[in-house]
Enquirer: 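Quick one: structure below, then a few questions.
Below, read A as the first sequence line, B as the second, and so on, with proteins coming before strands; counting in each chain starts at 1.
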Protein chains: 2
Amino acid sequence: MPERSSILSTAEVRKPVVAASAVREFARGGFHGTTIADVARDAKISPAYVFKLFPSKERLFVAALDECFTQILASLSNGADGAEDQSPEAVLFAMGDAYARLISDRTLLLLQVHAQSVAEIEEVGDALRAGLAQVTNFTKERSGASDEAVQRFIAYGQLCHLIVTARIEEIPESWALLLSAGIRHPA
Amino acid sequence: MPERSSILSTAEVRKPVVAASAVREFARGGFHGTTIADVARDAKISPAYVFKLFPSKERLFVAALDECFTQILASLSNGADGAEDQSPEAVLFAMGDAYARLISDRTLLLLQVHAQSVAEIEEVGDALRAGLAQVTNFTKERSGASDEAVQRFIAYGQLCHLIVTARIEEIPESWALLLSAGIRHPA
DNA sequence: GGAAAGAGTGAGTGTATAGTCACTCTCATG
DNA sequence: CATGAGAGTGACTATACACTCACTCTTTCC
């Protein structure tokens with residue numbers, strides 16, 4: 001493999017662009033409900049070239065999921081930095097707020113739910129667990145909160161996923177209000 | 001050649017049997033990852049007859065989801081009846097215990113996660129919301145607990161779904177133990 | 001100029017699958 | 001025992017989709 005110029009190859013630039021398209025498209029349709037052609041169209045390349053960049057649909061989905069968790073971690077970190085004070089409670093609260101803002105367009109949230117639903121695919125399950133490990137570890141270490149508080153943080157995050165996927169916040173009934181009470185709704 | 005049964009059933013008897021097959025198969029593969037042929041095979045009828053009983057794949061999925069929530073409600077009710085005492089805390093605890101036992105084989109839990117992931121399909125979203133309404137209302141009324149306690153009950157249920165779908169309880173790492181701490185694991 | 005490597009694609013292949021339809025078989029009833 | 005309603009299916013259609021391959025075009029470097 002002879003060394004080429006110092007300019008980044010187009011493929012290295014393309015990959016994250018296609019991954020970003022994959023995030024959007026898989027978030028919309030899920031793994032089985034999204035085609036390579038959908039992603040290719042969004043990325044404005046041919047389906048054939050998608051397979052030059054990613055060896056299989058599974059690996060493309062994993063790339064999208066990795067990108068998703070990267071954004072979540074960045075957002076949590078940012079949020080924590082902007083906390084009122086650095087007490088565990090304040091940091092956790094700020095992280096929750098940042099997360100609520102991040103998922104306001106539903107994309108990253110839906111992708112996580114779709115990933116959960118195809119976690120039986122080994123590559124997807126591995127990527128999901130890796131992402132959850134990062135989020136959990138980061139939350140614990142950055143906030144310094146107790147295990148119980150971190151567990152509660154994640155549990156209410158999951159409740160938030162349910163509320164958004166099932167569009168519960170749009171329902172003006174008592175049970176729906178009960179479930180979404182206090183869950184921060186993005187502007 | 002499969003032998004034709006010499007005893008004909010009636011459609012009214014067949015329907016719930018096929019719905020039960022649909023629960024199992026859709027729980028395994030999700031909506032897009034399961035075929036009518038899969039369900040038909042499990043129910044030991046031809047794919048064509050599935051369409052005589054249910055007009056579309058969507059409606060079959062909805063029938064499976066309805067059956068799922070029916071079982072959940074029955075289980076919660078049973079659990080509540082067996083509570084140590086009838087204080088809200090004891091009843092909620094008993095319901096959580098009953099739910100944990102019910103989903104011990106993963107089937108009903110996975111079906112709910114798959115339903116969440118295709119909630120954009122209107123019929124599925126409607127059925128999911130109806131089921132959640134029933135579960136939330138029943139939990140509130142039967143236990144007499146506060147809104148906050150019921151919300152927490154559902155939130156930790158969702159955390160439970162995450163733990164099971166991602167097989168987090170099998171991981172011997174600190175983040176995994178943190179997430180699954182205190183979540184009741186059925187025998 | 002020209003060779004080599006890589007970017008990118010058009011045109012397939014093989015397979016799967018939702019849904020249909022014309023048909024046969026069973027059985028309760030008169 | 002004849003009939004008709006309903007149980008049940010084999011064979012089909014039409015479409016979609018993951019993945020492949022032979023090919024061209026572009027850039028780089030001598």
Enquirer: C:dG19 P sits how many Å from B:Leu60 CG, rounded?
Expert: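 Answer to the nearest Å: 10 Å.
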Enquirer: Do B:Lys15 and B:Glu67 sit within salt-bridge range, that is, some charged N less than 4.0 Å from a carboxylate O?
Expert: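 So B:Lys15 does not pair with B:Glu67 through a salt bridge.
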Enquirer: Report yes if the side chains of B:Lys57 and B:Phe31 come closer than 4.5 Å at any heavy-atom pair, otherwise no.
Expert: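 Of all side-chain heavy-atom pairs linking B:Phe31 with B:Lys57, at least one is under 4.5 Å.
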Enquirer: Taking the side chain of A:Ala48 as its heavy atoms from C-beta onward, which of D:dC19, C:dA18, D:dC21 lies nearest to it?
Expert: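 Selected nucleotide: D:dC21.
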Enquirer: Hey, does the side chain of A:Thr165 reach the backbone of A:Leu162 with a donor-acceptor pair shorter than 3.5 angstrom?
Expert: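 Yes, the answer is positive, given that a donor and an acceptor are paired below the 3.5 Å cut-off.
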Enquirer: Got a sec? Which of residues 26-47 of chain A come in under 4.0 Å of DNA chain C, heavy atoms?
Expert: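 Those residues are A:Ile45, A:Ser46.
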Enquirer: Can you confirm whether A:Glu169 sits close enough to A:Val164 that some side-chain heavy atom of one is under 4.5 Å from a side-chain heavy atom of the other?
Expert: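 Heavy-atom side-chain distance check passes, below 4.5 Å.
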Enquirer: According to side-chain hydrogen bond (donor to acceptor under 3.5 Å, both in side chains), who are the partners of A:Thr139, at least two apart in sequence or on a separate chain?
Expert: none
Enquirer: Counting side-chain heavy atoms from CB outward, which of D:dT9, C:dA18, C:dG8 is closest to B:Lys52?
Expert: D:dT9
Enquirer: For B:Glu25 and C:dA18, what is the distance between atoms CD and P respectively, to the nearest whole Å?
Expert: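 Distance, rounded to whole Å: 12 Å.
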Enquirer: Using the side-chain heavy atoms of B:Tyr49, tell me which of these nucleotides is nearest: C:dG19, C:dG8, D:dA7.
Expert: D:dA7
Enquirer: How close or far is atom P of C:dG6 from atom CD of A:Glu12, stated in whole angstroms?
Expert: 11 Å
Enquirer: Please report the C-alpha distance between A:Gln86 and A:Arg142 in whole Å, then the side-chain angles of each, then the deciding distance to 0.1 Å, and finally whether the side chain to side chain donor-acceptor pair (under 3.5 Å) criterion is met.
Expert: CA-CA 9 Å; A:Gln86 293 294 308; A:Arg142 181 65 180 80; 3.0 Å; yes
